[in-house]
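Report on the following structure.
Atoms considered below: every heavy atom in the structure, side chains included; atoms not considered: hydrogens, waters and symmetry mates. A quick note: this is a predicted structure, and the numbers were derived from the prediction, not measured.
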Amino acid sequence: MKLNIFDPSLGVQTVLEPRPDDARLPEARALSTGAADETGLAELFGAPSLSSALREALSPRIGDDSLLRPDVILTNLREAGEFLREVKTPEVRRFVRQDLDPLLEDTQLLATYAGLLLEG
C-alpha cells in the first residue's frame, strides 16, 4: 500500500487494519460543566507561579522576627558553642573546632552565613 504522508485526509484509520466491531472503544460521553469549573483570565494570571509557590512553601515560618537579627544569631551561636564544648563526642568536638569556632571568630564569614540562612 502506497501512502502519501502529505495527504491531509490520511489518518490512523486509513493506515491500520479495521478492527472488529466488538473491539471498538466506547463512544465519548458529554460531561456536564458548571460555572464553577470555568477559569477566567483573572484566576489564570492571578495564580502564583510555581517558583513563588515553592519559595513560599519552603520558607520557614518564624513567629519572632527578633531571632533573625545578626546579633541574636551570634549570641545563639556562642551559647551553642559553649554547650557543645562540654560534649565529649569526637564528632562534636571536631565540628566545634573546624566549623563553629572559625565562624565565631570571622565576623564576615558569620555575616555571609547568616545571609545564606535568611535569604537561601
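- Atoms CG and CZ, on Leu100 and Arg94 in that order, are 15.0 Å from each other to the nearest 0.5 Å.
- Between the side chain of Arg93 and the main chain of Thr89, no donor-acceptor pair closer than 3.5 Å is present.
- Considering CG of Asp106 and CG of Asp101, their distance stands at 12.5 Å, rounded to 0.5 Å.
- With rounding to the nearest 0.5 Å, the separation of CG in Asn76 from CZ in Arg78 is 11.5 Å.
- Annotation for Gln108: atom CD does not count as buried by contact number, only 12 or fewer foreign heavy atoms lying within 6.0 Å.
- Listed here is the closest heavy atom pair of Glu82 and Glu86: O-CG, 3.6 Å.
- Leu74 is listed as a side-chain neighbour of Leu104, based on a closest heavy-atom distance under 4.5 Å.
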